[in-house]
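Worth saying up front: this structure is predicted, and the values here are computed from it rather than measured.
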Amino acid sequence: MVAERQQAPVPVCEVTNPFEEVQKHIDTICRRMNVDQGINARLRNCKRELIVNFPVRMDDGTLKIFTGYRVEHNTSRGPAKGGIRYHPDVDLDKTRALAAWMTLKCAVVNLPYGGAKGAVTCNPKAMSQNELERLTRRYASEISIVIGPEKDIPAPDVGTNPQIMAWIMDTYSMNMGYSVLGVVTGKPIEIGGSRGRLEATGRGCMICARLAAQHLGISFEGATVAVQGFGNVGSAAARLLAREGCKVIGISDVCGGIYNAKGLDVESAFRYSRERGSVVGFKDTENITNAELLGLDCDILVPAALERQICASNAASIKARMIIEGANGPTTPDADKTLCDNGKFVIPDILANAGGVIVSYFEWVQGLQSFFWSEDEVNSRLQNIMDNAFHEVLEVSQREKVNMRDAAYMLAINRLAQAITIRGTFP
Ligand code: NAD
């Protein structure tokens, strides 16, 4: 198996506190918009943080203690919403940053949600299905004091998937005594999942890329694409971009990357990677490193792996004209400035990868009503919301003469400040 050749990724970017970076950005935008200091303080802090240390019986009979988190950043615009990550490097500050981005993301695309994130520090790739199920059910029980369909609704993120969402839904339902579809989204279709959810984040990236190409006057048909990360988001983005006529020339995952200047057969690469555990070794391609993939000469770059992939040390080498941030936080603030100075058009994560939470919202609505929509209906509603959000962000960017990231933050913070002001402060 190619996956056995897996190496730890070379850390190209300096390690800093991601939550402090989000806080700084929120402060900068609040100052620029003259947002009340109290509201700024609300937005730079998380509302609720739960840490759980819990035991899991491993297959060899031993007990292991795992640490998990559920952070609700802000609920001024509605229930908290955000994925659950299983990853060895996840900690409280990363979870806080991811929760804050969820608040901003839901506000940018105008969903009636606040933001949250959950995580368990673990390596799911090194665990059996039975161990993962026991870990998930125990973690779900531990955080069941804060989650629920009216208050905080988890979804998949890195290292989690529809099966894990099914176990969370089942565990919560067993404890309640009845089936609660709306407690989690990203579920399998058979138990109340939404059509189109699996590929929704990648579809949102594709829609953003198409809108950005239109805006820049670049032909979408035949546009060259490089995608970093070939998991849920990256694989869906690559497949949909290829179906739209773009030429995907490079793909990578944690094991490395593949390249063919004439274009890759993305569907076959997808099947290959699902059978072998990686894209590396796929026919008619040249092996490249993740660093080389990011620097490929192409029209569209989709970083869809993890945070902090484009940083001060490699930002100047990015050649793509458009960067569509499929991952959360793939670009550091320093790198963002370099990209901007070099005339790159960056669609920020809180807009580019919002397709997932939009269709999660549809799934939640369908579950609450027990009335399910066709895939066409889901996709056309997703298209409308992404289209509106893109144009609203673009309008702020042009009016305020700021880049798309700052414009998205301004749109979101304005909506959040209004909600906080109208609701007032209890008591
Ligand atoms: P995933 O676990 O399905 O896939 C992650 C992919 O990234 C895998 O192909 C993995 O091999 C690759 N990868 C990991 N480390 C890498 C590295 N150092 N270099 C290159 N590739 C690497 O996760 P996902 O759900 O696709 O999430 C990817 C990103 O998108 C994350 O930042 C996540 O927070 C964000 N996101 C996910 C969703 C969603 O609906 N799943 C929604 C919004 C944002």
Side-chain angles (χ1 to χ4, degrees), residues 2-3 5 9 198-305 309-310 314 317-327 330 339 342-347 352-353 355 379 383 386:
V2 177
R5 280 194 253 133
L198 206 56
E199 59 180 34
T201 311
R203 182 174 290 278
C205 292
M206 180 275 285
I207 294 169
C208 279
R210 192 169 54 203
L211 292 165
Q214 266 163 18
H215 168 66
L216 297 173
I218 293 173
S219 163
F220 196 47
E221 172 106 39
T224 49
V225 179
V227 180
Q228 186 203 32
F230 206 50
N232 175 295
V233 179
S235 67
R239 295 168 79 192
L240 290 165
L241 285 161
R243 272 182 232 162
E244 290 292 309
C246 297
K247 188 159 86 173
V248 179
I249 58 168
I251 297 174
S252 71
D253 57 38
V254 72
C255 304
I258 55 171
Y259 170 71
N260 182 338
K262 296 197 190 112
L264 300 160
D265 176 352
V266 180
E267 288 300 326
S268 304
F270 178 69
R271 283 193 298 277
Y272 178 91
S273 79
R274 291 319 181 244
E275 281 160 18
R276 308 282 186 109
S278 171
V279 287
V280 177
F282 180 61
K283 65 174 178 171
D284 301 332
T285 63
E286 216 177 283
N287 286 350
I288 55 171
T289 63
N290 260 292
E292 286 166 338
L293 179 122
L294 292 173
L296 282 179
D297 192 359
C298 59
D299 298 309
I300 304 169
L301 172 65
V302 185
Q309 296 299 305
I310 304 174
N314 64 356
S317 69
I318 304 283
K319 298 187 192 69
R321 176 76 178 86
M322 295 173 242
I323 293 111
I324 314 291
E325 293 187 336
L339 294 177
N342 291 348
K344 309 298 181 192
F345 193 65
V346 181
I347 308 294
N353 70 34
N379 289 344
Q383 164 82 43
M386 290 298 303

| message | List the residues meeting side-chain contact (heavy atoms from CB on, under 4.5 Å) with N232, not counting sequence neighbours, and say none if there are none. | response | L198
| Does the side chain of V279 reach to within under 4.5 Å of the side chain of T285, using non-hydrogen atoms? | no
| note | Correct closest heavy-atom pair for F220 and L241 would be CZ-CD2, 3.6 Å
| task | Look up atom CZ in R203 and atom CG in L240, then write down how far apart they are to the nearest 0.5 Å. | result | 5.0 Å
| message | The test is side-chain contact (heavy atoms from CB on, under 4.5 Å); show your working for E292 and Y259 and say whether it passes. | response | CA-CA 10 Å; E292 286 166 338; Y259 170 71; over 6 Å; no
| field | Pairwise distance CD(E325) to CD(Q309) - rounded to 0.5 angstrom | value | 11.5 Å
| remark: Scanning both residues in full, the closest heavy-atom pair of L296 with A226 reads CD1-CB, 4.0 Å
| In Å, rounded to the nearest 0.5 Å, how long is the span from NZ of K344 to CE of M322? | 11.0 Å
| side chain to side chain donor-acceptor pair (under 3.5 Å): which pairs involve residues 218-227, sequence neighbours left out? | T224-D299
| task | Can you see which heavy atom on I347 is nearest to which on A212, and at what distance? | result | CD1-CB, 4.2 Å
| Which atoms form the tightest heavy-atom contact between A269 and F282, and what is the distance? | N-CZ, 3.5 Å
| query | How far apart are the closest heavy atoms of V302 and G326, and which atoms are they? | reply | CG1-N, 4.3 Å
| remark: Scanning both residues in full, the closest heavy-atom pair of I324 with C205 reads CG2-O, 3.7 Å
| query | Should I288 and I258 count as side-chain neighbours, where that means a heavy-atom distance under 4.5 Å? | reply | no
| request: Please name all residues satisfying side-chain contact (heavy atoms from CB on, under 4.5 Å) with Q214, sequence neighbours left out, ordered by chain then number. | output: R210, L211
| CE-CD1 distance between M206 and I300, expressed to the nearest 0.5 angstrom | 11.0 Å
| task | Would you check if I323 and P303 make a side-chain contact, meaning some heavy-atom pair closer than 4.5 Å? | result | yes
| task | Mind checking the OH-CG spacing from Y272 to L264? Nearest 0.5 Å is all I need. | result | 12.5 Å
| field | Pairs flagged by salt bridge (charged side-chain N to carboxylate O under 4.0 Å, His left out) wherever residues 254-267 is involved - sequence neighbours left out | value | R239-E267, R243-E267
| Got a second to check how far F230's CZ is from I251's CD1, nearest 0.5 Å? | 4.0 Å
| message | So, using side chain to side chain donor-acceptor pair (under 3.5 Å) as the criterion, who are the partners of S235 when residues are at least two apart? | response | R274
| request: Begin with the C-alpha distance, continue with both residues' side-chain angles, and end with the deciding distance and a verdict on side-chain contact (heavy atoms from CB on, under 4.5 Å) for L301 and I310. | output: CA-CA 11 Å; L301 172 65; I310 304 174; 4.2 Å; yes
| task | With sequence neighbours excluded, give me every side chain to side chain donor-acceptor pair (under 3.5 Å) pair touching residues 245-256. | result | S252-N290, D253-S278
